[in-house]
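Letters A, B, ... mirror the listed sequences (proteins, then strands); counts begin at 1.
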Protein chains: 2
Amino acid sequence: MRKKSTNSQEEMAKFAKALGHPTRLEILRLLSTQSCCFTGDLVEVLPIAQSTVSQHLKELKNAGLIQGEIDAPKIKYCINKENWEKARLLFSGFFD
Amino acid sequence: MRKKSTNSQEEMAKFAKALGHPTRLEILRLLSTQSCCFTGDLVEVLPIAQSTVSQHLKELKNAGLIQGEIDAPKIKYCINKENWEKARLLFSGFFD
DNA sequence: ATAGTTCATCGCAAATTTACGATTGATTTT
DNA sequence: AAAATCAATCGTAAATTTGCGATGAACTAT
């Protein structure tokens with residue numbers, strides 16, 4: 001009784017929350033079809049301001065779903081494969 | 001260029017958003033292990049106020065993941081199996 | 001009819017999210 | 001060194017989310 005949520009529920013909620021916006025889903029789709037993207041490539045494709053794209057990227061990064069590396073003067077974003085797999089397992093386990 | 005998100009992305013985002021809170025994940029887990037629950041059963045188990053549980057139930061219902069039927073004076077909540085399956089397919093398709 | 005039960009909804013406050021333009025810092029190019 | 005490019009961050013506004021206690025609606029039980 002009065003049980004708090006488990007660690008894996010916290011983690012899954014964190015992933016789900018990050019996935020809970022169409023723009024972020026689109027970013028992830030773009031990153032996973034092409035292997036990686038520069039921020040600028042995403043800004044060209046998405047119908048929102050550059051600063052907003054950066055914010056979404058930050059949230060995806062905080063959730064651990066993507067990672068960025070410097071390729072000066074650009075930044076190259078990729079799927080974080082380790083956590084991607086973690087998320088995949090959590091979701092597939094969740095849906096019985 | 002400037003492409004908006006697709007319908008299935010909108011739908012998946014809607015599901016993901018509903019899944020993006022530990023309490024709602026816990027509610028769904030409880031509903032799926034037992035086949036159904038009364039609101040009161042959930043309130044007993046969860047460490048939050050009754051009104052807050054009701055709000056979370058409402059969100060899950062709006063997202064289509066659960067459905068409630070009257071069993072007076074209680075309300076019996078169950079997984080919405082049709083949409084559950086839809087969500088399962090969207091997520092499993094998303095993670096390659 | 002009255003009292004009790006069950007759960008949704010209201011009203012509110014605090015925190016978070018989403019979006020934008022402007023600015024800044026870092027790096028590259030001229 | 002100066003100008004240009006790239007992307008994060010700042011500051012702000014509006015909307016949404018999360019949570020609670022109190023109230024209300026619908027039904028049941030006495």
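- Taking only side-chain nitrogens and oxygens, A:His21 comes nearer than 4.0 Å to OP1 or OP2 of C:dA19.
- As a whole-Å value, the separation of A:Ile27 CD1 from C:dA19 C1' is 13 Å.
- B:Trp84 and A:Phe94 have their aromatic ring centers within a separation under 6.0 angstrom.
- With hydrogens and angles ignored, a donor-acceptor pair under 3.5 angstrom links the side chain of B:Gln50 to the base of C:dA8.
- The minimum heavy-atom distance linking A:Cys37 with A:Leu31 is given by the pair CB-CD2, 3.4 Å.
- Atoms CG (B:Leu60) and C1' (D:dT18) sit 14 Å apart, rounded to a whole Å.
- Relative orientation of the A:Phe91 and B:Phe91 rings is parallel, given thresholds of 30° and 60° on the angle between their planes.
- Checking the phosphate oxygens (OP1, OP2) of C:dT17, no side-chain nitrogen or oxygen of A:His56 falls inside 4.0 Å.
- Taken residue by residue, residues 65-82 of chain A places heavy atoms nearer than 4.0 Å to DNA chain C at A:Ala72, A:Pro73.
- When the options B:Arg29, B:Glu59, B:Lys17 are evaluated for a side chain to side chain contact (heavy atoms under 4.5 Å, CB included) with B:Arg24, the one that passes is B:Glu59.
- Atoms NZ (B:Lys14) and P (D:dT16) sit 17 Å apart, rounded to a whole Å.
- Within the nucleic acid shown, B:Glu59 comes within 4.0 Å of sugar-phosphate atoms alone, with no base atom in reach, counting heavy atoms only.
- Applying the salt bridge (charged side-chain N to carboxylate O under 4.0 Å, His left out) test to pairs two or more places apart or on separate chains, those with a residue in residues 75-96 of chain A are A:Glu11-A:Lys86, A:Glu85-A:Arg88.
- Between C:dC20 and A:Thr52, a contact under 4.0 Å exists linking OP1 or OP2 to a side-chain N or O.
- Among the heavy atoms of the strands lying under 4.0 Å from B:Lys17 are primed sugar atoms or P, OP1, OP2 only; no base atom is included.
- Closest of all the heavy-atom pairs between B:Ala63 and B:Lys14 is O-CE, 3.5 Å.
- Separating the CG atom of A:Leu57 from the C1' atom of C:dT18 is a distance of 14 Å, rounded to the nearest angstrom.
- The backbone N or O of B:Thr6 lies less than 3.5 Å from a partner atom in the side chain of B:Gln9, making a donor-acceptor pair.
- Rounded to whole Å, the distance from CG on A:Asp41 to C1' on D:dT5 is 14 Å.
- In this structure, the CG atom of A:Asn62 is 13 Å from the P atom of C:dT16, given to the nearest Å.
- Distance NZ (A:Lys61) to P (D:dA7): 12 Å, rounded to an integer number of Å.
- In this structure, B:Gln55 atom CD and C:dC10 atom P are separated by 11 Å, rounded to whole Å.
- Backbone-only contact: B:Thr39 has heavy atoms under 4.0 Å from sugar-phosphate atoms and none from a base.
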